[in-house]
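Report on the structure given below.
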Amino acid sequence: MMQISSHSPSPRSNQTHLNSLVSLIKSTTQTTQLLQIHAYLLRTSLLQESTFSVPFLQRISLPPFQILNYSLQIFSQILRPNVTHYNTMIRAYAMSIHPERGFYVYRDMMRQGIRPNPQSSSFVTKSCIRGSSLFRGVQIHGRILRDGHHSDTLLLTTLMDFYSCSGKCDNACKVFDEMPLRDTVAWNVLVSCYIRNNRTLDALAVFDSMQSGEHGCDPDDVTCLLLLQACSNLCAVGFGERIHEYIKDHGYHRALNLCNSLVAMYSKCGQLDKAYEVFQKIANKDVVSWTAMISGFASNGRGREAINVFREMERMGIPPDEQTFTALLSGCSHSGLLDEGRSIFYRMQREFGVVPNIHHYGCVVDLMGRVGLVEDAYDLINSMRCKPDATIWRTLLGACKVHGHMELGERVIEHLIELNAQEAGDYILLLNIYSSAGNWEKVIETRKLMKEKGIQTTPSASTIELKGEIHEFRVDDTSHPRIKEVYEMMDEIEKQLKIGGYVAEITKEKEGNGLLSYSYHSEKLALAFGVVATPPGTKLRVAKDLRICIDCHNFAKMLSGVYNREVIIRDRTRFHHFREGRCSCNDFW
DNA sequence: ACGGTTATTC
């Protein structure tokens, strides 16, 4: 180690000494050495010179040190902090658990008469993102324009991300449109913005538009990662395969994160064989790879195989993490593996020292509820260390509906009311519990309550991918260009299915508004469109954002037999593979 | 200096 306290005789060697001091600051990994350097800088007044104070402040504010209190102390010892000192502090706060303090430093900087540079604005914008302060972010946007920083690509990209994270997708797009120069990162932020704000179709469209002659920007590994997420959301395997090809063509296929994402994408599109193929080819599988594969089997209703993959993972000596157990437990719940689920829940805590979190409890509650142990599930929720969220109550409410536990259902909805999180779906579930118990008074009462609370239902959507193009349908939809054919085909299909013994159930839940009227659910429309638009025998793949109802489930089952079509419907959480009039799922219906 | 892998649910 260099002697920091030595005094050099000649100015020349003194200069050498100072240079090596700077490189020592930049390279040391020991906190004790930093403390020594600090003492030296103070003693020799070198701390007042930005040559030393800037790297020093940066070093302790950024990883691996990130000692925030210490940074603040150094910062206050600098008599005339310059813009870089301020930037370092803003950045440090932006990344800390007190992101809003970044804004205070920024404001203080301006009060001291120091003009922010694009980096200052970028860091403070980041602090607004982390602290989710919409108002301040908008203020900073105005400030950026006044400072004339409206053509800084980096800054504008951060600003886009701010609007994206604040749910202001249109504003983000506006910033993007007005950017004079767009690099790949800017395009990626646009994609991420579309995904974050549920404009998944637009996200996919970016892949082509960025590569077009007009823009000529090549997607990179991050673009692929984002687009694979979009494909998963839409169940768009065709598009996913395109991305897969692109990944191979550009030599990204050795990147672990991309491979993991591919496994997840194929799994979420119901293509388990493809997922497994990619998975097996991964040379150095990490926790994420294993978890993605387990989760793939789990969500496709193949709980036993999920457990087998976990056993293999154990043999390979890869330590599972909490997400691995979430995937495993959800596998058990989807496949109704009560004993296995309990045993994993126990081993997770005892053997792997994982403290159960809300996800784990959610799975176990779902598992117990599914097999009818609703009171046990209720007790489990009450015994939790963490605060029950609306989701977990909703899970139990769903189980109450299935098993017809009206009294417990009422207790559960009380908890939802307490959390102030009641949504349309919850009341519709409760309505169903009452109506199946024949308690019409309660039905009317609940309807009234919903009206008073102004609870609105949003129609759900189904998508189907044909030749790489995504078609979206909503309940009783009339917007699709070929909707007339679709409805004609619906009538035709229903006629055919009636011959096969299909009886339409009166629709009284989920989509629509809980009214006892018969309407075409979005998945039925998507299926009918699939039958219209593809040659006989083509596999139909539909993605739906809510859970499929029993009627549509029967419909798909019959359709797969009568029309001899393989049908895959992915609902909110899982897959239903229909073939020859049967479904692979062993759920309630 | 800006973007990013795996998880419970209606």
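Numbered from 1 within each chain, the chains take letters A, B, ... in sequence-line order.
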ask   = In whole angstrom, what separates A:Asp366's CG from B:dC10's P?
value = 7 Å
ask   = Which part of the nucleic acid, if any, lies within contact of A:Lys285, taking any heavy atom under 4.0 Å across all strands shown: a base, the sugar-phosphate backbone alone, or nothing?
value = nothing
query = Counting only heavy atoms not in A:Arg254, do more than 12 sit closer than 6.0 Å to its CZ atom?
reply = no
task = Choose from B:dC2, B:dT6, B:dT8 the nucleotide whose nearest atom is closest to any side-chain atom of A:Lys126.
result = B:dC2
ask   = Can you tell if the side chain of A:Lys544 reaches within under 4.5 Å of the side chain of A:Cys552, non-hydrogen atoms only?
value = no
ask   = B:dT5 base to A:Asn257 side chain: any donor-acceptor pair below 3.5 Å?
value = no
task = Mark yes or no for a side-chain to base donor-acceptor pair under 3.5 Å between A:Thr157 and B:dC2, with no hydrogen or angle criteria applied.
result = yes
task = Ignoring hydrogens and angles, tell me if any N or O in the side chain of A:Gln211 forms a donor-acceptor pair with the backbone of A:Phe207 under 3.5 Å.
result = yes
query = Quick one: is A:Lys401 getting a side-chain N or O under 4.0 Å of the B:dT9 phosphate, OP1 or OP2?
reply = no
ask   = Over how many whole Å does the gap from A:His334 atom NE2 to B:dC10 atom C1' extend?
value = 13 Å
ask   = Within the structure shown, what part of the strands sits under 4.0 Å from A:Glu322 by heavy-atom distance: base, sugar-phosphate, or nothing?
value = nothing
message = Tell me the interatomic distance from A:Gln323, atom CD, to B:dA7, atom P, rounded to whole angstroms.
response = 7 Å
key: Any side-chain heavy-atom pair of A:Phe325 and A:Phe345 under 4.5 Å   = no
inquiry  = Nearest to the side chain of A:Ser261, heavy atoms from C-beta on, is which of B:dA7, B:dT5, B:dC2?
reply    = B:dT5
Selected nucleotide, minimal atom distance to A:Phe123 side chain, candidates B:dT5, B:dT8, B:dA1 = B:dA1
task = Would you indicate what A:Leu226 reaches in the nucleic acid, counting non-hydrogen atoms under 4.0 angstrom: base, sugar-phosphate, or nothing?
result = sugar-phosphate
query = Closest heavy-atom contact between A:Pro116 and A:Tyr106?
reply = CB-CE1, 3.9 Å
Short side-chain N/O contact from A:Thr291 to OP1 or OP2 of B:dA7, under 4.0 Å = no
request  = State whether A:Glu314 and A:Arg347 are salt-bridged, where the test is any N-O pair (Lys NZ or Arg NE/NH1/NH2 against Asp/Glu carboxylate O) under 4.0 Å.
outcome  = yes
query = Just how far, in rounded Å, is P of B:dC2 from CD1 of A:Ile90?
reply = 13 Å
key: A:Asn260 side-chain proximity, nearest of B:dG4, B:dA7, B:dT5   = B:dT5
query = In whole angstroms, how far is the P atom of B:dA7 from the CD1 atom of A:Ile358?
reply = 18 Å
ask   = For A:Asn233 and B:dA7, what is the distance between atoms CG and P respectively, to the nearest whole Å?
value = 10 Å
task = Identify whether any heavy atom of A:Arg196 sits under 4.0 Å from a base atom; if not, whether one sits that close to sugar-phosphate; answer base, sugar-phosphate or nothing.
result = sugar-phosphate
task = Using a heavy-atom cut-off of under 4.0 Å over every strand shown, decide if A:Asn87 touches base, sugar-phosphate, or nothing.
result = nothing
OP1 or OP2 of B:dT5 under 4.0 Å from side-chain N/O of A:Gln229 = yes
ask   = So what does A:Val185 touch, heavy atoms closer than 4.0 Å: a base, only the sugar-phosphate, or nothing?
value = base
remark   = From CZ of A:Phe279 across to C1' of B:dT6 the rounded distance in Å is 12 Å
inquiry  = Output the rounded distance in Å from CG (A:Asn357) to P (B:dT6).
reply    = 17 Å
inquiry  = Can you identify which nucleotide, out of B:dT9, B:dA1, B:dT5, has its nearest atom closest to the A:Thr391 side chain?
reply    = B:dT9
request  = With the side chain of A:Cys363 defined as its heavy atoms from C-beta on, choose the nearest nucleotide among B:dG4, B:dC2, B:dT8.
outcome  = B:dT8
